[in-house]
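Heads up, the thing below is written out as structure tokens.
Residues: numbered from 1 along the sequence shown.
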Amino acid sequence: SQKYTAIGLLGKATDTLDATGKVTEEKPYDQITKGDLENVLQKFTGDIMQVPPLYSALKKDGERLSTLMKRGEAVEAKPARPVRVYSLSLQQFQPPLFTLDVECGGGFYVRSLVSDIGKELSTCATMQELTRTKHGPFTLEEHALYEDKWTIDEIARSLEHCMSLLPGEPSHKKLKTEHPGETAVSCE
């Protein structure tokens with residue numbers, strides 16, 4: 001599963017469903033309370049159907065949808081498909097901004113979620129910011145290496161720790177070295 005922290009913005013919709021897009025709609029959002037937002041999240045937890053965003057890495061005839069759209073080609077909406085949300089919680093609500101923690105399965109689009117939450121609240125919403133906090137066995141908290149630790153030793157230690165979490169044998173070729181019993185790793 002993957003975990004994300006997402007910041008959504010109420011009252012605006014964009015064509016890409018995130019902050020990089022053109023604003024396509026603006027609606028009032030002052031009527032929305034923290035309680036409204038929390039209630040709506042229950043509808044998006046568990047096994048749900050989700051329509052992927054038009055601007056996405058999904059491909060049609062071998063080309064990314066986002067590339068086709070930028071060329072102005074008509075791209076029809078993809079059908080909704082089943083996705084899984086393990087957990088979804090509201091971390092902060094400071095209108096128009098809200099912060100969500102999401103744990104989801106593969107193929108899930110957080111910006112679609114943010115947009116759908118907006119629609120469900122009779123307004124619109126777009127994703128401002130997204131941070132992936134967990135991917136497989138890796139979490140940002142435990143496995144990120146912050147800039148003050150970017151030394152060769154720290155990086156090596158971090159890599160070793162991360163490699164130990166991955167299944168199976170590491171796939172590097174071992175090179176012969178002059179001292180038997182020693183192995184060097186080639187970076188390819």
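- Here CD of Gln92 is found 8.0 Å from CD1 of Ile7. Values are rounded to the nearest 0.5 Å.
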- Using the side-chain contact (heavy atoms from CB on, under 4.5 Å) rule, take Tyr29 and Leu9 through it: C-alpha gap first, then chi angles, then the decisive distance, then the call. CA-CA 10 Å; Tyr29 57 85; Leu9 173 75; over 6 Å; no
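- Atom CD of Glu160 is surrounded by 12 or fewer heavy atoms from other residues, nucleotides or ligands within 6.0 Å.
- Taking CZ of Phe108 as the reference point, atom CZ of Phe44 lies at 9.0 Å (rounded to 0.5 Å).
- The backbone N or O of Gly118 sits nowhere less than 3.5 Å from a side-chain atom of Thr123 that would complete a donor-acceptor pair.
- Glu38 CD to Thr33 OG1: the interatomic distance, rounded to the nearest 0.5 Å, is 8.5 Å.
- Leu97 has its side chain within reach of Gln128: a pair of non-hydrogen atoms, C-beta onward, lies under 4.5 Å apart.
- In terms of heavy atoms, Val51 sits closest to Ser112 at O-OG, 3.1 Å.
- Remark: Thr126 OG1 to Asp15 CG distance equals 9.0 Å, nearest 0.5 Å.
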- Message: Between Val83 and Tyr109, does the side-chain contact (heavy atoms from CB on, under 4.5 Å) criterion hold? Intermediate values first, please.
- Response: CA-CA 9 Å; Val83 288; Tyr109 283 93; over 6 Å; no
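- Using a 4.5 Å heavy-atom cutoff, the side chains of Ile32 and Phe93 are in contact.
- Taking each heavy atom of Tyr4 and Thr133 in turn, the nearest pair found is N-OG1, 3.8 Å.
- Minimum heavy-atom separation, Leu37 to Leu121: CD1-CD1, 3.4 Å.
- Here the closest non-hydrogen pair linking Ala125 and Val114 is CB-O, 3.4 Å.
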- Item | Steps toward side-chain contact (heavy atoms from CB on, under 4.5 Å) verdict (Val110, Met127) | CA-CA 8 Å; Val110 181; Met127 191 175 76; 4.0 Å; yes
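- Ser115 and Leu17 get closest at one heavy-atom pair: OG-CD2, 3.9 Å.
- Of all heavy-atom pairs between Leu41 and Thr45, the closest is O-OG1, 2.9 Å.
- Inter-residue side-chain proximity for Cys124 and Lys119 is flagged as unmet; no heavy-atom pair is nearer than 4.5 Å.
- Interatomic distance, CG of Leu130 versus CZ of Arg111, reported as 9.5 Å (0.5 Å rounding).
- In this structure, CD1 on Ile117 lies 5.0 Å from CG on Leu100, to the nearest 0.5 angstrom.
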